[in-house]
Protein chains: 2
Amino acid sequence: MISERKKKILAAVVDEYIRTAEPVGSKAIAQSGALHCSSATIRNELAELVAMGYLEQPHTSAGRVPTPMGYRMYVNELMEKQKLSLEEAEDMNRRLEAKLRELDATISDVSRLASQMTDYPALALTSRAAATVKRFDLIYVDANTFIIVLMLSGSTVKSKLVHLPVSVDQSLMQRLSSLFNASFTNIAEDQITPLLIRSTERAADDTMGVTSVISAFVIETLTEANTPSAFISGENRLLSQPEFRDPDKAHKLMSYLSGGGYILPSPEGMGDPSEVRVLIGPENVAEELKDSSVIIASYDAGDNTRGLIGVVGPTRMDYSAVAAKLQFLAAGLSRRLGGGEVPPEGMHNKLIIKGDDPNERG
Amino acid sequence: MISERKKKILAAVVDEYIRTAEPVGSKAIAQSGALHCSSATIRNELAELVAMGYLEQPHTSAGRVPTPMGYRMYVNELMEKQKLSLEEAEDMNRRLEAKLRELDATISDVSRLASQMTDYPALALTSRAAATVKRFDLIYVDANTFIIVLMLSGSTVKSKLVHLPVSVDQSLMQRLSSLFNASFTNIAEDQITPLLIRSTERAADDTMGVTSVISAFVIETLTEANTPSAFISGENRLLSQPEFRDPDKAHKLMSYLSGGGYILPSPEGMGDPSEVRVLIGPENVAEELKDSSVIIASYDAGDNTRGLIGVVGPTRMDYSAVAAKLQFLAAGLSRRLGGGEVPPEGMHNKLIIKGDDPNERG
DNA sequence: TGTTGGCACTCTCAACTTTCGAGTGCTAAT
DNA sequence: ATTAGCACTCGAAAGTTGAGAGTGCCAACA
């Protein structure tokens, strides 16, 4: 077990290290107040904390630096859950409003927002839950041209202009329209079989292959709607972190990130929407992230869609501030996009932080 | 005037410097062949080239490095216009096909492609020429819901689902649909005045403000279609360039780039689509680009839309290779997206390179 | 038994010095 | 006009030194 005093000391080390990015010594801790003992005592404690694996020394005569295990302890038990200042909260709300007013929030907007708020690279990800076609329309434009309009589950509308090499008459359009409405709506993507297409084609008496053009679009649209998409922004903010002064290191991580981040667990894997998850250094699966940390929050994007916002930074990250901001952002997004059973404001004090369930450890 | 031999020497310096990123000395040039004289002679010539402003020395006992003026001379007259190797051309075509098959090429795809091909950060930009609505449809879903479908000039279709707080009947929809078709099609965005909207509202006998919802969407869509959009990708590739080993420098440029690059001249400003434009160091307007170079090509994206692809790198850039690749890419895009009067393949030998017209100099 | 002041020790970092070599400019000979 | 030769310059890399921060440990103390 770890004594109360050790906890205090550990917390002080982490706080200080997060602030300064320099190894912290016994003296600094003694002076920081909060502890009523001399540096010598603290030295003893520090030595023990090193032995226990919570801290390490870059070299014999340097201060101490938290290990991933130390950060984990800090995140789980020690850090004081930060509340956002009123200004911060208002600023964030303002920005959210601005983004969400003009268009639906695209994931690129969400990730940009997260990155701006936290000053770290951020990524956003959505996995739409199995979309289906709710309604189907064909608009006849001219003999060679028509428009397909699909209304999907979840108030999305997709449309496409189709030019044909042959001419079709309006009655065929009519027939196809009602046939598709009858048999292609409310079914999952994988239920659109070649068999179904063929039988529709026959039923509509379509000899020029219009059916297959349309069904291809349907499949494509559903596939796209079901494919989780990811977006990352603010990679460059990495460069302002001292741990990425080495261009090679920075380059490695940045190309990993922009190569499409598989960093995040799937949104379904996340539990409670108000939960914030923290993955510290080696807890990450990806080799490239082994000495970075990732903080993740999830939001409800409506229509059974879950979204994820994540922030990437060095292990020496301001966990408390970032977690609070992300949670606030996620809650705001849920409130505006989602079903709406999210408690209104000010709920950012019951911040739940998780991340070390046994599955995720080696 | 500059002698023939000086030109050869200058070219050799630039070539070598591009290759190695190290100042090049007289000896290296002498050994590189191409010149039949000793290093001493070359030294004399080099001294004169420095005096003329084409080269400079980082310090007394170092080799020579090209000045922007030297690069300009190189780009305009000296460099051998590179042709792509057959493999490169084929590879590029393959990728283009792959991208363009599935969906229309979004500018994000284009910029990603350019970045991948050249290994520099790349940005893409389109300015759509004044879009108009070609056709207008309203699809009645239920009493509170309908879908607006706009077909724009240039085969784009936009649609939106609208939920109303009040219920409307199908006949109103009908009336609005034909009214909008009659008076909102083929007119520019700024011709949609409050007056026009009001009169339409009256004509349709619309007492619940549906008209204004619809016209708002029309305006929004046209605005969006007319707004040039920019996209940048591959910023991280900067970091592999030795001139950006300094994280601060890299950070500055990268944040400038991702802050929305106004780097590129507007597509209209570009002349012939097969022209490639090069802006060297201080020739750039933006302060942040004063010691970087930008290479730009434009393509015809169909429907009177011009697109631009640009690549950003250090002044020590492989102008010849990048220019060739960009031109090929632009030509490929034009061929696939645009009107089609672009000569088929193999036209990349008549590469035209420009960039130093008097307007652009200080 | 836990805490504290003191002291010798260790090790890094920054500043300074030295060395090495690439590259130059100049001169005299061809 | 070209070239070989040579003294000179200057920066980068390697080596040297000193200061300071921080430690571990011991002996004294509560």
Side-chain angles (χ1 to χ4, degrees), chain A residues 1-10 12-17 19-67 70 242-243 245-246, chain B residues 1-10 12-17 19-67 70 242-243 245-246:
Chain A
M1 218 22 242
I2 182 170
S3 78
E4 210 50 44
R5 192 170 64 181
K6 282 202 182 55
K7 284 188 182 178
K8 270 192 184 164
I9 293 181
L10 178 53
V13 171
V14 177
D15 279 331
E16 186 69 5
Y17 186 61
R19 212 172 53 80
T20 63
E22 301 280 316
V24 344
S26 54
K27 213 169 180 179
I29 298 175
Q31 282 168 356
S32 80
L35 269 294
H36 307 282
C37 52
S38 78
S39 67
T41 313
I42 293 182
R43 273 205 290 285
N44 291 330
E45 297 281 53
L46 286 178
E48 285 182 63
L49 282 167
V50 168
M52 298 166 81
Y54 292 111
L55 296 176
E56 64 189 349
Q57 289 180 284
H59 53 264
T60 340
S61 82
R64 308 306 210 281
V65 163
T67 60
E243 18 273 288
R245 292 211 67 73
D246 174 12
Chain B
M1 218 23 241
I2 182 171
S3 78
E4 209 49 44
R5 192 170 65 184
K6 280 203 182 56
K7 283 188 183 178
K8 270 192 184 163
I9 293 179
L10 178 53
V13 172
V14 177
D15 279 330
E16 186 69 7
Y17 186 62
R19 212 172 52 82
T20 62
E22 300 281 315
V24 346
S26 54
K27 214 170 179 177
I29 298 175
Q31 281 169 355
S32 79
L35 269 294
H36 307 282
C37 52
S38 78
S39 67
T41 313
I42 293 181
R43 273 205 292 283
N44 291 329
E45 297 281 53
L46 286 178
E48 286 182 61
L49 282 167
V50 168
M52 297 165 80
Y54 292 110
L55 296 177
E56 62 188 352
Q57 288 180 286
H59 52 265
T60 338
S61 85
R64 308 305 210 282
V65 162
T67 60
E243 17 274 287
R245 293 210 68 73
D246 174 13

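Lettering of chains follows the sequences in order, A, B, ..., and the numbering in each one begins at 1.
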Pairwise side-chain contact, A:M52 with A:I2, heavy-atom cut-off 4.5 Å (strictly under)
yes
Let me know the distance between CZ of A:R5 and P of C:dG2, rounded to the nearest Å.
10 Å
Over how many whole Å does the gap from B:L49 atom CG to C:dG23 atom P extend?
17 Å
So does A:G53 get a backbone contact from the side chain of A:T67, meaning a donor-acceptor N/O pair under 3.5 Å?
yes
Between B:H36 and A:A47, which has a closest nucleotide on DNA chain D that is more 5'?
B:H36
Without decimals, in angstroms, what is the distance between A:E45 CD and C:dT1 C1'?
14 Å
What contact category does B:S26 fall into here, base, sugar-phosphate, or nothing, at under 4.0 angstrom with non-hydrogen atoms?
sugar-phosphate
With a non-hydrogen cut-off below 4.0 angstrom, is A:A40 in contact with a base, only sugar-phosphate, or nothing?
base
Of all the nucleotides listed (C:dT24, D:dG11, C:dT12), which has the minimum atom distance to the side chain of B:H59?
D:dG11
Checking side-chain contact (heavy atoms from CB on, under 4.5 Å) for the pair A:T41/A:L35: CA distance, chi angles, key distance, verdict?
CA-CA 10 Å; A:T41 313; A:L35 269 294; over 6 Å; no
For side-chain contact (heavy atoms from CB on, under 4.5 Å), just list the numbers for A:L49 and A:V13, CA-CA rounded to whole Å, side-chain angles, deciding distance to a tenth of an Å, and then say yes or no.
CA-CA 11 Å; A:L49 282 167; A:V13 171; 5.9 Å; no
Looking at C:dT4, D:dC10, D:dT23, which one has an atom nearest to any side-chain atom of A:S38?
C:dT4
Whole-Å distance, A:E22 CD to C:dA14 P, equals 10 Å
Send over the distance from A:I42 CD1 to D:dA21 C1', rounded to a whole Å.
16 Å
Atom-to-atom span, CG of A:L46 to P of D:dG24 - whole angstrom:
8 Å
A:S61 side chain, from C-beta outward: closest of C:dT10, C:dT4, D:dG11:
C:dT10
Output the rounded distance in Å from CZ (B:R64) to C1' (D:dC10).
14 Å
A quick test of your reading: do over 12 heavy atoms of other residues, nucleotides or ligands sit less than 6.0 Å from NE2 of B:H59?
yes
In whole Å, I'd like the distance from the CZ atom of A:R43 to the P atom of C:dC7.
13 Å
A:T41 has a side chain; which of C:dG25, D:dG24, C:dT4 sits nearest to it?
C:dT4
